[in-house]
Amino acid sequence: MLVVALPVGQASASPPRASSVTLSSHTTVAWTGVKAVRLVVPTEVSLPAYGARLTLRGGSYAFVRIAPAKSCDGGVRCLKGQIDYTHDMAPYLASSDGAGADHLTRIGGSNLVRSTYELYLFTDGAATLTFDRTGLRGARTAVTAAGRARGEVHVLPITCAAPGCSPAEGHAKRLWYGGGARDVGSMGSADVLVATYDRAGTPIGDYPNERATRGCAYPRGPGDATPPRSDTGCDMTDRDMPADAFNMVNSFVNYGKASFMQIGNYSGRGRIWLGFQAVQAHDVADPLVQAHGIWFTYGVR
């Protein structure tokens, strides 16, 4: 399900440190840097829209990755969902989806089952994750995440392919690309969040601002000999890319809409390259492009 989460106020007092918390009627998890916490779900919970809220105080990003504590099919780890926020993209989401709609939440399926989940938490500020529409009974619960996790977030470099990259040259068929590689250890996850949006004051166009965005990870799986990098972000001749790794987004500049794409999540071992390509087909705007890579090793310590 797709949930767009609203920001909430930051608690004035620091909640107690904990590496595990049980989901209740109102549960908050605060953290700084890279942390982790186990979330115990006592019974099946269907989270409604705005049921998961993310607050960032200072800093430029806050990312949450949700994983079942047990292995998935075949003994491989996987993700249940993610919650994403970056300071730069927030006003563009709000302008297109309504006041406060500045977070992206994707939780696979329609509910959290009775189980234990691992929350991998990343921020360069002070962040708080709040679940307050669970439908559960019980007292309000607040903790500061004390679990340790190995992981890192990096803003991916943006390269523009010449010619046609400056406003004076025009924007038709512009290509941006970039990427980076990090080690996820014995078993980890890697994904890239790509965002393109129109600058404030962009004139109204007569046709859609059509953009194509592609993300990739190398190697793609065990035994893949593909080098973990690409000189153009992604290998444009790679025919083995999954169908959902290429996404065409149409957005009208007069509505101020932005396009976002979550690529991954790739479970693997060792060094993983995350790359992206973003193409704009028409000369109707001067968009901004932003990309983050998130790498981490499974396991709350």
Side-chain angles (χ1 to χ4, degrees), residues 1-8 20-24 27-29 31 34-56 61-73 76-86 89 93 97 101-123 127-136 145 147 149 151 153 184 187-195 215 217 242 244-245 247 260-268 274 292-300:
M1 88 180 157
L2 175 64
V3 180
V4 181
L6 296 175
V8 295
S20 180
V21 61
T22 299
L23 189 66
S24 64
T27 303
T28 63
V29 178
W31 83 96
V34 179
K35 296 293 191 300
V37 68
R38 294 181 179 88
L39 178 69
V40 180
V41 180
T43 187
E44 185 172 293
V45 172
S46 294
L47 288 175
Y50 313 114
R53 308 183 182 195
L54 192 59
T55 300
L56 177 63
Y61 66 81
F63 300 129
V64 177
R65 297 295 177 262
I66 305 171
K70 297 181 179 180
S71 298
C72 304
D73 294 340
V76 177
R77 297 299 303 268
C78 64
L79 289 187
K80 172 69 173 179
Q82 57 271 343
I83 304 174
D84 299 317
Y85 170 88
T86 68
M89 79 182 184
L93 276 172
D97 295 323
D102 55 2
H103 298 69
L104 293 174
T105 300
R106 304 174 184 87
I107 299 177
S110 60
N111 55 39
L112 296 174
V113 300
R114 180 180 178 180
S115 185
T116 298
Y117 295 90
E118 296 172 350
L119 304 183
Y120 297 90
L121 312 166
F122 308 88
T123 186
T128 301
L129 172 65
T130 301
F131 298 95
D132 63 352
R133 301 187 184 184
T134 65
L136 296 173
V153 173
V184 299
M187 174 56 70
S189 178
D191 64 272
V192 55
L193 175 67
V194 181
D244 61 357
N247 185 30
F260 299 90
M261 188 180 184
Q262 177 78 40
I263 303 296
N265 304 94
Y266 297 93
S267 291
L274 293 174
H292 288 80
I294 302 99
W295 295 262
F296 69 90
T297 303
Y298 284 112
V300 178

- Between Ala149 and Val34, the two heavy atoms sitting closest are O-CG1, 3.7 Å
- Task: List the steps and the verdict of side chain to side chain contact (heavy atoms under 4.5 Å, CB included) for Phe63 and Val153.
- Result: CA-CA 9 Å; Phe63 300 129; Val153 173; 3.7 Å; yes
- Task: Verify side chain to side chain contact (heavy atoms under 4.5 Å, CB included) between Ser115 and Val41, making sure each step is shown before the conclusion.
- Result: CA-CA 5 Å; Ser115 185; Val41 180; 5.7 Å; no
- Query: Which heavy atom of Gly268 sits nearest a heavy atom of Val184, and at what distance?
  - Reply: O-CG2, 3.5 Å
- Could you check Asp84, Leu56, Thr86 and say which one makes a side-chain contact (heavy atoms from CB on, under 4.5 Å) with Tyr61? Thr86
- Query: Can you find a pair of side-chain heavy atoms, one from Val76 and one from Ser71, that are under 4.5 Å apart?
  - Reply: no
- Could you tell me the separation between the CD1 atom of Ile294 and the OG atom of Ser189, rounded to the nearest 0.5 Å? 9.0 Å
- Run through Arg65, Lys70, Lys80, Arg77 and flag the one making a salt bridge (Lys or Arg N to Asp or Glu O under 4.0 Å) with Glu118. Arg77
- Message: Between Arg53 (side chain only) and Phe131 (backbone N and O only), is there a donor and an acceptor less than 3.5 Å apart?
- Response: no
- Message: Could you check whether any side-chain heavy atom of Ser24 comes within less than 4.5 Å of a side-chain heavy atom of Thr134, counting everything from C-beta outward?
- Response: no
- Note on the structure: All heavy atoms of Ala62 vs all of Ala127, minimum pair found to be CB-CB, 4.0 Å
- Could you give me the CA-CA distance, side-chain angles and deciding distance for Leu112 and Leu47, then say whether side chain to side chain contact (heavy atoms under 4.5 Å, CB included) is met? CA-CA 8 Å; Leu112 296 174; Leu47 288 175; 4.1 Å; yes
- Message: Between Thr128 and Val29 (side chain of the first, backbone of the second, donor and acceptor by atom type, cut-off under 3.5 Å), is there such a pair?
- Response: no
- In sequence, state the C-alpha distance, the side-chain angles, and the governing distance for Asp191 and Trp295, and then conclude on side chain to side chain contact (heavy atoms under 4.5 Å, CB included). CA-CA 7 Å; Asp191 64 272; Trp295 295 262; over 6 Å; no
- Item | Side chains of Ser267 and Met187 in contact at under 4.5 Å (non-hydrogen atoms) | yes
- Of all heavy-atom pairs between Val300 and Gly147, which one has the smallest distance, and what is that distance? CG1-CA, 4.1 Å
- Message: Once rounded to the nearest 0.5 Å, what's the spacing between atom CG of Leu129 and atom OG1 of Thr27?
- Response: 9.5 Å
- Message: Do Leu39 and Thr116 make a side-chain contact, defined as non-hydrogen atoms from C-beta onward lying under 4.5 Å apart?
- Response: no
- Does Tyr298 have its ring centroid less than 6.0 Å away from the ring centroid of Phe296? yes
- Using atom types as modelled and distance alone, determine if a side-chain donor or acceptor of Thr130 lies under 3.5 Å from a backbone N or O of Asp132. no
- For residues Pro48 and Arg133, report the shortest heavy-atom separation together with the two atoms involved. CD-O, 3.1 Å
- How many angstroms lie between CG in Leu119 and CD1 in Ile83, if you round to the nearest 0.5 Å? 8.0 Å
